Amino acid sequence: MELSTRYTPADFEAKVYTDWLASGGFTPKADGPTFTIMMPPPNVTGVLHMGHALNGTIQDIVIRHKRMNGFSALWLAGTDHAGIATQAVVERKLYEEEKKTRNDLGREAFLERVWDWKEKHGSYILEQFRRLGSSCDWERTRFTMEPMMTKAVRESFVRLWEKGLVYRGARLVNWDCVLETAVSDDEIEYVPRKDKLYQLRYPVKGSPGGSNPEFVTVATTRPETMLGDTGVAVNPADERWKHLIGKMLVLPFIGREIPVVADETVELDFGTGAVKITPGHDPADYERGLRFKLPIINLLEKDGKLNKEGGPFAGMTREKARIEVVKQLEELGLLGEVTDYAHNVAVSDRSKSVIEPIVSEQWFVKMEPLARPAIEAVKSGALKFRPERWTKVYLDWLVNVRDWCISRQLWWGHQIPVWYDADGVPVASREDLPIGSPHPVTKKPIVRQDPDVLDTWASSWLWPFATLGWPNLTPDVERYYPTQFLSTAREIIYLWVARMVMAGYEFMDHLPMDQRCPFEVCNVHATVLDSKGRRMSKSLNNGIDPIEMIDKYGADAVRYSLVLLTKEGQDVKLATDRFEQGYRFSNKVWNAARFVLMNMGSHAQVDPTSAAGRNTIKLEDRWILSRLSRVRAEVSQMLDAYAFNDAAMALYQFVWNDFCDWYLEIVKSRLTAENDPSAPVARGTLSRVLSDALALLHPFTPYMTEVLWASLNETLGRTQPLLMNCRWPDGRGLALDEEAELQMQTIQDLVHAVRQVRNLTTAGERQMLAAKIAAPNKPERDVLQRHVDTVRALAFLEACEIDAHIARPPNSAVAVAGGLEVFVALGANVDLGKLKDVLARRAEKVRQGITAIDAKLGNVAFVERADPEVVEGEKTRRTEMVTELKLLERNLSDA
RNA sequence: GGGCGAUUAACUCAGCGGUCAGAGUGCCUCCUUUACAAGGAGGAAGUCGGGGGUUCGAUUCCCUCAUCGCCUACCA
């Protein structure tokens, strides 16, 4: 295949993906140990954002790495029906296009619309994951509302029901008056708002009327809720109100008599020190109400209008009622101060309407018994968080876990599998109970199913096993559960992660306890922020579209950039130009591969690790193979430890710095020279290093490496499977070669010094590109003399003389590298000031270094207590520095 | 109010008890040499947020303060 000079991913990404699918796709092989990842199912309404792209990249790196390591690797994807979000999307569309509400259509017809929408748009985000290169087993793609999930949801619900963990009760829930549904605490956001703080006066029962009645003054931001007040709380230590504790107040408008109670949680210095208690519409008051056994009064209809409990205000919207209540209190002289007040208001995530806490009949799940094993899971080490600190977040939530309100007044979702007889006796059932059929317990006819649906998380908490076929103990359940790795965003640690762990322990009870935890590792990935450090959000319109970036730079570049930028779990500020780093790297690999390929052809190759290879191998070959050996081991170990950033960095440096900057440059002359006896082994080394490097890079940049792999196979006439299905490099024949690395280091230091001095002068100032090098140290001198051609080529020299001692030529530029001196002769009238400055600066730095070391070595405590190796190291370094300083000083005085 | 994280080069970030503190970008100088100019060679650039402490030794560990961010919480 002809490779373009520039890396153009758009040319091949789609084709490569097709090839992957054609080769059998990403279905895990039937044998071998398994490794499973469950993708957090994105909302069907979702569009890929940077967080998804990062998380998709992480999971794909892991699964490809495991696949190459011989695991039967399953990455299962799917989407979440996302109750409120999806229903809202379809409702909005319905209204925009037909001016109809869901009630106009009726439940069944509306649900058909939602399914239509899902069929049309529901795979969009998974297509986007595919563009990223995600190697999910698409044959096993799931949806949280498909029949097998429904079966699992019912099974889990009925089991909890049978254990007495499901209960129905009048409880305070967050009510969305626009969507007319309860929403969980997790679906609420708090927005700062400027409101008024009103003081209301409640007359004390039996106090003299007329001009000087006695009042208790309370403060509130929601005066209309006073209609539902059933008490007033004061702090028992409050001198202002103490004497009224136990007295009754008369609630204006309603005339209800309500007690003054003593409650230590009332702040003395906020408002008036007296708190109205509205158990029906305030979470804190609800708690207080329970404590003091106060009646609960519900003031609101489902749409937020006041019901008959609102007395004269019944039928008004809550906004109107607020205005009216205040007005009429004022007229009665019962309104105290009104002050400006800034506070946070709870708003529904979906509808953005103000949340009303409201008492409502809901289904709940008792969480405490479920939480216990989930807590134990982290304590026993069965579950590990990465970064570790998230363990605490997880535990804090579980230890203080509150019962889970699982009913939602929506249509889109799993309808609660509870049926009632005519007396309203509920029963949960795995199978539908048709109307008229006998109630399994009371034997009376069933009259209706509960109209509510379950919270979305009541299906997604079953994701790790329901997607495999549970409650049936299918071969997939047996084989792929429990999973090994979960990667997700921090904000769903409670919503999803903790609940999956609970579900695993609760429902996978055919397994022993130590095999029930649904995943071994929970990786909490970084949050991607915009360049100013704000969250990327639709409302701010500050998001960077990953697909746009893929179009521009390629999926590999997007993946590599994200991994290079995100150090495990640490938030990352992102700007579009950051993707250039990944692109440049991809381009570099691409071109390095092109270079290798164009030097292969039909030329002879010798495997550098073979006996024949060892006869003709040269220093640079040994060196790059040693570096390869090192990076292979490091990357393997880092990926096993899920240290993606470290692994990507190590590969970046190996490919760019070691392979491209040094090895390719050194080896060029051997490849172009005619009949160089060391050329075949150079080619062998090139193809070995490229092969291994492509394989090591494959999990990170799957598309590009696959194309280059195919080209390499073609050029070498190799028959090899797709790189995706190849084995992870095993390091066969490779070993660390300390000697080669040390000798190359000497060459690199010298080349660097020559380039330095070269670049201090212009072409006109140099008589010729000739350097004289003084290397008094024999081992160094031998290495350099043996590789003088390499030095000459890399330092762009025409001539190079290396000797033990060389007198400094007149009018020459000097560089000092360790114990080496480099001289480049210059023309007669060249100003050497610039060169002297460099030497002087360097000398100063070395002098400071020596002073610092002397201070350490002069410190008795250091010499006695520090690690002997450290002391020895300091001494060695001192000797080297002294040598260098001498050379620097000599050359400074000469010049 | 509690908890967590961050503060290192102009910018974005690594490092995290002991080699004169690193990368990418940007900046300066030079180079069209046949893998790559989205490249190559070289260079400048940092009292590692402030203050204490532990230690022979602190950017690294502890305390504290400051600033920014996130999560949590019943100040009505």
Side-chain angles (χ1 to χ4, degrees), chain A residues 3 5-7 197 218-222 225 233 265-267 269-272 274-278 282-288 341 343 387 389-390 392-393 396-397 400 490-491 493-494 527 529 531 533-535 553 561 564-567 569-575 577-578 580-581 583-599 645-646 649 652-653 660-661 664-665 668 672 751-752 755-763 794-796 838 842 845-853 855-856 859-867 869-871 873-874 876-877 881:
Chain A
L3 301 181
T5 312
R6 188 182 284 183
Y7 169 64
L197 186 65
V218 296
T220 180
T221 54
R222 298 187 298 155
T225 62
T265 67
V266 176
E267 300 284 334
D269 49 3
F270 185 85
T272 61
V275 182
K276 61 196 275 302
I277 304 176
T278 322
D282 185 280
D285 291 357
Y286 182 79
E287 296 296 325
R288 286 195 181 106
Y341 186 62
H343 64 150
R389 65 189 138 91
W390 295 106
K392 196 173 168 306
V393 174
D396 282 352
W397 185 79
N400 304 308
R490 69 190 56 156
E491 55 267 26
I493 291 175
Y494 329 121
T527 301
L529 307 169
S531 58
R534 300 170 305 183
R535 270 189 105 82
Y553 298 107
S561 298
L564 283 177
L565 283 170
T566 2
K567 180 63 188 182
Q570 186 58 50
D571 289 353
V572 59
K573 285 188 228 171
L574 192 67
D577 60 2
R578 310 246 106 218
E580 281 170 24
Q581 190 178 2
Y583 181 87
R584 286 177 180 174
F585 178 68
S586 307
N587 189 52
K588 191 72 179 177
V589 176
W590 184 261
N591 278 294
R594 279 201 325 122
F595 172 82
V596 173
L597 291 168
M598 66 180 62
N599 281 288
N645 175 266
D646 293 336
M649 292 286 239
Y652 186 96
Q653 280 164 12
C660 294
D661 289 349
L664 292 188
E665 294 303 330
K668 272 177 185 172
T672 48
V751 166
H752 194 254
R755 285 168 173 178
Q756 210 172 13
V757 71
R758 216 185 88 94
N759 267 342
L760 284 169
T761 60
T762 62
L794 293 186
F796 317 107
V838 172
R842 176 73 194 151
K845 208 159 188 199
V846 174
R847 240 177 256 125
Q848 280 173 11
I850 292 171
T851 310
I853 292 177
K856 279 193 191 178
N859 182 344
V860 182
F862 171 72
V863 178
E864 280 175 1
R865 309 180 69 162
D867 190 333
E869 274 181 34
V870 172
V871 178
E874 294 290 331
T876 310
R877 227 178 90 225
M881 287 174 123

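Treat the numbers as computed from the prediction; the structure is a model and nothing was measured. In the text below, chain A, chain B and the rest are named by the order of the sequence lines, each starting its count at 1.
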Self-check item: Nearest-Å distance once atom C1' is located in both B/C13 and B/U55
Solution: 30 Å

Quiz item: Within the structure shown, what part of the strands sits under 4.0 Å from A/Met598 by heavy-atom distance: base, sugar-phosphate, or nothing?
Solution: sugar-phosphate

Quiz item: If you measure from the P atom in B/G24 to the same atom in B/U32, how many Å do you get, rounded?
Solution: 24 Å

Exercise. Tell me, please, which residues at least two apart from A/Gln570 pass side-chain hydrogen bond (donor to acceptor under 3.5 Å, both in side chains).
Key: none

Quiz item: Which one, B/A35, B/G3, B/G5, comes nearest to the side chain of A/Gln570?
Solution: B/G5

Quiz item: Sequence neighbours excluded, which residues qualify as salt bridge (charged side-chain N to carboxylate O under 4.0 Å, His left out) partners of A/Arg847?
Solution: A/Glu844, A/Glu889

Self-check item: Euclidean distance, A/Lys567 NZ relative to A/Asp646 CG, rounded to 0.5 Å
Solution: 3.0 Å

Quiz prompt | Partner set under side-chain hydrogen bond (donor to acceptor under 3.5 Å, both in side chains) for A/Arg755, not counting sequence neighbours | solution = none

Quiz item: Out of B/G18, B/G5, B/U72, which nucleotide sits closest to the side chain of A/Arg389?
Solution: B/G5

Practice problem: Give each stem of RNA chain B as a range with a range, requiring at least 3 consecutive Watson-Crick or G-U wobble pairs whose two distances are under 3.5 Å. | Solution: B:1-7 with B:66-72, B:10-13 with B:22-25, B:27-31 with B:39-43, B:49-53 with B:61-65

Quiz item: Counting any heavy atom closer than 4.0 Å, what does A/Lys392 reach on the DNA or RNA strands: base, sugar-phosphate only, or nothing?
Solution: sugar-phosphate

Quiz item: Hey, mind stepping through A/Asn587 and A/Arg584 against side-chain contact (heavy atoms from CB on, under 4.5 Å) and telling me if it holds?
Solution: CA-CA 5 Å; A/Asn587 189 52; A/Arg584 286 177 180 174; 5.5 Å; no

Quiz prompt | Nearest-Å distance for atom pair CG/C1', residues A/Asp396 and B/C71 | solution = 11 Å

Quiz item: With nearest nucleotides of RNA chain B determined for A/Gln653 and A/Val846 from heavy-atom distances, which residue corresponds to the more 5′ nucleotide?
Solution: A/Val846

Practice problem: Sequence neighbours left out, what passes salt bridge (charged side-chain N to carboxylate O under 4.0 Å, His left out) with A/Arg222? Give chain and number order. | Solution: A/Asp282, A/Glu356

Quiz item: What integer number of Å spans the C1' atoms of B/U33 and B/G40?
Solution: 9 Å

Sort me out a list of protein N/O and nucleotides 52-59 of chain B N/O pairs below 3.5 Å, or just none if empty.
residue : atom : partner  : partner atom : Å
B/C56   : OP1  : A/Arg865 : NE           : 2.9
B/C56   : OP1  : A/Arg865 : NH1          : 2.1
B/C56   : OP1  : A/Arg865 : NH2          : 2.5
B/C56   : O2'  : A/Asn859 : ND2          : 2.7

Practice problem: Taking salt bridge (charged side-chain N to carboxylate O under 4.0 Å, His left out) as the test, write out the residues that go with A/Lys588, two or more places apart. | Solution: none

Quiz item: Base, sugar-phosphate alone, or nothing: which one does A/Gln581 contact when heavy atoms must sit under 4.0 Å apart?
Solution: sugar-phosphate

Practice problem: Any chance you could list the contact pattern along nucleotides 39-46 of chain B? Use B for base contacts, S for sugar-phosphate-only contacts and - for none, protein heavy atoms under 4.0 Å, 5' to 3'. | Solution: SSBSSS--

Practice problem: Figure out the CG/P separation between A/Asn645 and B/G22, and round it to whole Å. | Solution: 18 Å

Practice problem: Report the distance from atom OH of A/Tyr583 to atom C1' of B/G24, rounded to the nearest whole Å. | Solution: 18 Å

Practice problem: Remember a base hit wins even if backbone is also touched, and classify A/Arg847 as base, sugar-phosphate or nothing at under 4.0 Å, heavy atoms. | Solution: nothing

Practice problem: Give A/Lys573 one of three labels, base, sugar-phosphate or nothing, depending on what nucleic acid heavy atoms sit under 4.0 Å from its own. | Solution: sugar-phosphate

Exercise. Could you list the residues that satisfy side-chain hydrogen bond (donor to acceptor under 3.5 Å, both in side chains) with A/Glu491, not counting sequence neighbours?
Key: A/Arg535

Practice problem: Quote, to the nearest angstrom, the C1' distance that separates B/A44 from B/G26. | Solution: 13 Å

Exercise. Pick base, sugar-phosphate or nothing for A/Thr672, based on heavy-atom distances below 4.0 Å to the nucleic acid.
Key: nothing

Practice problem: Could you tell me which residues satisfy salt bridge (charged side-chain N to carboxylate O under 4.0 Å, His left out) with A/Lys392, sequence neighbours excluded, listed by chain and number? | Solution: A/Asp396

Quiz item: On a whole-Å scale, what distance lies between the P atoms belonging to B/C62 and B/G3?
Solution: 16 Å

Self-check item: Separation of the C1' atoms in B/A14 and B/A6, to the nearest angstrom
Solution: 14 Å

Exercise. Only counting residues at least two apart or in another chain, list the ones meeting ring-ring contact (aromatic ring centres under 6.0 Å, His included) with A/Phe585.
Key: A/Tyr560, A/Tyr652

Quiz item: What nucleotide among B/G24, B/A38, B/A35 has an atom nearest to a side-chain atom of A/Ala592?
Solution: B/A35

Quiz item: To the nearest 0.5 Å, how far apart are OG1 in A/Thr5 and CZ in A/Arg594?
Solution: 4.5 Å

Self-check item: Gap in Å between the two P atoms, one belonging to B/G2 and one to B/U64, rounded
Solution: 12 Å

Quiz item: Residues two or more places apart in sequence or in another chain: which of them pass side-chain hydrogen bond (donor to acceptor under 3.5 Å, both in side chains) with A/Asn645?
Solution: none

Quiz item: Under 4.0 angstrom, heavy atoms only, what part of the nucleic acid is A/Tyr652 near: base, sugar-phosphate, or nothing?
Solution: sugar-phosphate

Quiz prompt | Polar side-chain atom of A/Tyr553 near backbone of A/Gln581 as donor-acceptor pair, under 3.5 Å | solution = no

Quiz item: Of A/Val266 and A/Tyr7, whose closest RNA chain B nucleotide lies nearer the 5' terminus?
Solution: A/Tyr7

Practice problem: Can you tell me, in whole Å, how much space there is between the C1' of B/G17 and that of B/G57? | Solution: 8 Å

Exercise. Using a 4.0 Å heavy-atom cut-off across all strands, classify A/Arg6 as base, sugar-phosphate, or nothing.
Key: base

